[in-house]
Protein chains: 2
Amino acid sequence: MIQAIDRAARVLAALQGSRHLGITELGAILDLPPSTVHGIVASLRDHGLVVKEPHGQRYMLGPTLLQLSNVYLDTLDVRARAMRWTGDLSERTGLAVRLGVEFFDQVIVIHHEPRPDGTRQMPETGVTIPAHASALGKVLLAYRPSFLQSLLGKVPLRSLTGETIVEPVELEKALVEVVEKGYAVEDEEAVLGEASIAVPVADRDSEAIAAIAVVLPASQQPVADSVLTLLREAARNVSRELGSPTWPPVVSELDD
Amino acid sequence: MIQAIDRAARVLAALQGSRHLGITELGAILDLPPSTVHGIVASLRDHGLVVKEPHGQRYMLGPTLLQLSNVYLDTLDVRARAMRWTGDLSERTGLAVRLGVEFFDQVIVIHHEPRPDGTRQMPETGVTIPAHASALGKVLLAYRPSFLQSLLGKVPLRSLTGETIVEPVELEKALVEVVEKGYAVEDEEAVLGEASIAVPVADRDSEAIAAIAVVLPASQQPVADSVLTLLREAARNVSRELGSPTWPPVVSELDD
DNA sequence: ATCATTATTCGACATTGTCGAATGTGCTTC
DNA sequence: GAAGCACATTCGACAATGTCGAATAATGAT
């Protein structure tokens with residue numbers, strides 16, 4: 001680990017959290033002297049990774065991140081393959097669809113299909129959700145034991161709503177059920193009023209590498225069997241395009 | 001400039017260009033020994049800025065960029081303000097709309113409204129276009145002389161199509177006209193078959209900080225006056241919300 | 001205009017990053 | 001399965017780079 005790069009990444013993470021920060025504030029957050037922070041920020045600025053806010057002394061994230069992010073999304077085979085199927089799924093269910101992958105102790109939405117009802121909805125691509133509080137995350141936790149192990153190494157689990165599962169034992173029990181049924185349910189655990197159901201996407205090694213979810217109002221729980229069928233179909237189609245010989249995936253082995 | 005951070009940023013830029021690269025390839029591009037590159041890449045990996053591709057030895061950009069990018073977009077006041085007006089503009093013109101800002105020698109799309117005809121269109125947020133070859137860019141070059149100066153310091157101008165303006169004198173002449181008319185036109189200079197027209201967005205200092213464009217097939221040139229009127233209206237509305245006392249903006253002063 | 005706070009610059013030197021050599025890994029061919 | 005090759009990764013000596021305290025400059029509020 002190169003310290004200077006670690007520090008630069010931590011500057012970016014601090015700006016991700018607080019959005020606008022001055023040099024002294026960044027120094028306080030990172031426990032570094034202002035002059036050190038200033039050098040780091042200056043280097044990031046030269047590459048457009050950080051900018052100074054238009055009116056004032058504070059700094060914020062910069063446009064290079066958007067360009068790089070666009071390339072990241074473009075590079076994802078699973079996303080390219082899922083575009084069509086998630087689009088179909090959204091049209092046929094009338095629901096919003098999310099495609100998510102593992103991201104540290106969270107899940108990050110790499111593709112979002114808004115509800116096809118013509119209303120304006122916030123774009124969700126790039127949104128992160130705690131893994132244990134989302135259907136997307138629970139699917140990945142269930143089929144990827146290394147993800148669960150990594151998560152449980154970071155107790156305590158965060159509570160987002162009164163419904164969020166925060167006991168490791170309870171979560172593990174829920175995950176066993178996910179694998180048995182082949183899908184995960186989220187019922188107001190991340191966002192009040194919101195429910196979703198998710199299934200895994202498998203790659204050519206039959207391992208779960210992503211998950212697809214449909215999102216619905218909690219009042220519409222439980223989800224209709226027809227929706228679950230369409231969801232499964234979409235995931236199976238994406239998995240097949242990725243070269244998976246089977247669906248659902250196997251539960252990955254835990255490598256020490 | 002902190003060398004290690006500069007090198008890390010250059011690794012990201014190399015991966016932005018070529019998408020998948022091995023350590024030796026990165027070393028060749030950056031003119032660094034493999035062991036040095038390996039250390040940099042390992043540091044970036046720890047923060048999710050770079051990942052190893054699922055099957056193989058090569059590296060690609062990582063999901064942290066998506067998360068950071070999402071925050072970048074969220075932090076942009078001009079984008080938040082423009083969302084509603086660009087949405088209206090798209091609905092009323094039936095055309096796709098782009099909101100762009102200056103990005104080194106390019107313009108980067110920070111918000112995209114697809115054509116409201118229900119067809120599937122590629123998302124354009126995060127797309128970069130050479131400034132001199134796009135209506136968005138020409139507006140910003142015209143109203144921001146420092147942008148033009150910076151661009152012309154990097155001859156030669158790249159030719160994208162047979163229509164692209166690559167002579168500095170010709171470009172400067174075109175930009176004088178942009179300011180006279182208050183809008184810029186792009187006619188197959190960036191993409192064959194595609195035309196657009198753009199106007200500036202002003203901030204509280206009456207300086208152009210962004211541009212809004214509508215996009216149409218080249219066959220539909222010239223754009224109808226009614227479309228130009230709606231485009232101006234949208235830009236004026238965004239500018240007013242940003243606190244601009246006037247519209248169009250003033251041509252910024254060139255600071256040495 | 002004044003003042004307080006914060007940003008930025010500068011340079012000595014400690015420590016960190018670099019990079020060549022050695023070792024390990026993965027892929028291809030037989 | 002074994003061998004060979006290309007590339008990735010590890011290791012450690014030491015050169016040079018990054019750090020950080022002090023000084024100076026800039027900014028914003030009054």
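Order of the sequence lines sets the chain letters (A, B, ...), proteins ahead of strands, with each chain counted from 1.
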Inset, instruction - Begin with the C-alpha distance, continue with both residues' side-chain angles, and end with the deciding distance and a verdict on side-chain contact (heavy atoms from CB on, under 4.5 Å) for B:Val41 and B:Val37. - result: CA-CA 6 Å; B:Val41 168; B:Val37 171; 4.0 Å; yes
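- Near-neighbour residues of DNA chain C inside residues 15-23 of chain A, defined by a heavy atom below 4.0 Å, number-ordered: A:Gly22, A:Ile23.
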Inset, instruction - Given side-chain contact (heavy atoms from CB on, under 4.5 Å), test A:Thr36 with A:Arg7 step by step and report yes or no. - result: CA-CA 10 Å; A:Thr36 299; A:Arg7 285 176 168 175; 4.0 Å; yes
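- Residue B:Arg10 is tested with B:Asp31, B:Ile40, B:Leu30 for a side-chain contact (heavy atoms from CB on, under 4.5 Å); the sole match is B:Leu30.
- Atom pair B:Asp6:CG and D:dA16:C1' shows a separation of 16 Å (rounding to whole Å applied).
- Under 3.5 Å, the side chains of B:Trp85 and B:Glu233 contain no donor-acceptor pair of N or O atoms.
- To the nearest angstrom, P of C:dT6 lies 13 Å from CG of A:Leu26.
- When the side-chain hydrogen bond (donor to acceptor under 3.5 Å, both in side chains) test is applied to A:Glu102, the partners found at least two apart in sequence or on another chain are A:Arg144.
- When rounded to the nearest whole Å, the span between CD1 of A:Ile40 and C1' of C:dA7 equals 15 Å.
- Remark: A:Tyr59 is not in phosphate contact with C:dT6, judged by side-chain N or O atoms under 4.0 Å from OP1 or OP2.
- Nucleotides of DNA chain C nearest to B:Pro33 and A:Glu25 differ in position, and the one nearer the 5' end is that of A:Glu25.
- Comparing atom distances between the A:Leu32 side chain and each of C:dC19, D:dA8, D:dC20 picks out D:dC20 as nearest.
- Listed for the B:Ser244 side chain is no donor-acceptor partner under 3.5 Å among the backbone atoms of B:Ser239.
- Taking side-chain N and O atoms only, B:Lys52 has a distance below 4.0 Å to OP1 or OP2 of D:dT9.
- Atom NE2 of A:His38 is separated from atom C1' of D:dG18 by 15 Å (rounded to the nearest Å).
- End-to-end axis angle for the helix from C:dA1-D:dT30 to C:dC30-D:dG1, using five pairs per end and rounding to 10°, comes out at 70°.
- The separation between A:Asp31 atom CG and D:dT19 atom C1' is 14 Å, rounded to whole Å.
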Inset, instruction - Heavy atoms under 4.0 Å is the rule here; annotate nucleotides 22-30 of chain D 5' to 3' with B where the base is hit, S where only the sugar-phosphate is, and - elsewhere. - result: -----SS--
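- Here B:Arg79 does not pair with B:Asp74 in a salt bridge; the nearest charged N to carboxylate O distance is not below 4.0 Å.
- Across all non-hydrogen atoms, the minimal contact from A:Leu44 to A:Ala8 is CD1-O, 3.9 Å.
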Legend entry - A:Gln57 and A:Ile23: CA distance, side-chain angles, deciding distance, side-chain contact (heavy atoms from CB on, under 4.5 Å) verdict: CA-CA 8 Å; A:Gln57 300 277 83; A:Ile23 294 291; over 6 Å; no
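- Side-chain atoms of A:Thr24 lie closest to C:dA7 of the nucleotides C:dG20, C:dT8, C:dA7.
- Between the B:Ser43 side chain and the A:Ile2 main chain, a donor and an acceptor come within less than 3.5 Å of each other.
- Within the structure, every pair that satisfies the salt bridge (charged side-chain N to carboxylate O under 4.0 Å, His left out) test and touches residues 45-68 of chain A, not counting sequence neighbours, is listed here: A:Glu53-A:Arg58.
- Here the closest non-hydrogen pair linking B:Ala210 and B:Val101 is CB-CG1, 3.9 Å.
- Spacing between atom CZ of B:Arg58 and atom C1' of C:dT25 amounts to 17 Å, rounded to whole angstrom units.
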Just the atom pairs and distances: protein N or O near nucleotides 13-17 of chain C's N or O, under 3.5 Å.
unit_1: C:dT16; atom_1: O5'; unit_2: A:Gln3; atom_2: NE2; d: 3.4
unit_1: C:dG17; atom_1: OP1; unit_2: A:Gln3; atom_2: N; d: 2.5
unit_1: C:dG17; atom_1: OP1; unit_2: A:Ala4; atom_2: N; d: 2.8
unit_1: C:dG17; atom_1: OP2; unit_2: A:Gln3; atom_2: N; d: 3.3

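- Atom-to-atom, CG of A:Asp46 to P of C:dT8 comes out at 13 Å; the value is rounded to the nearest Å.
- Salt-bridge check for A:Arg158 with A:Asp105: failed, with every basic side-chain N at 4.0 Å or more from each acidic carboxylate O.
- A side chain to side chain donor-acceptor pair (under 3.5 Å) with A:Arg98 is found for one member of A:His111, A:Glu124, A:Glu113 and no other, namely A:Glu124.
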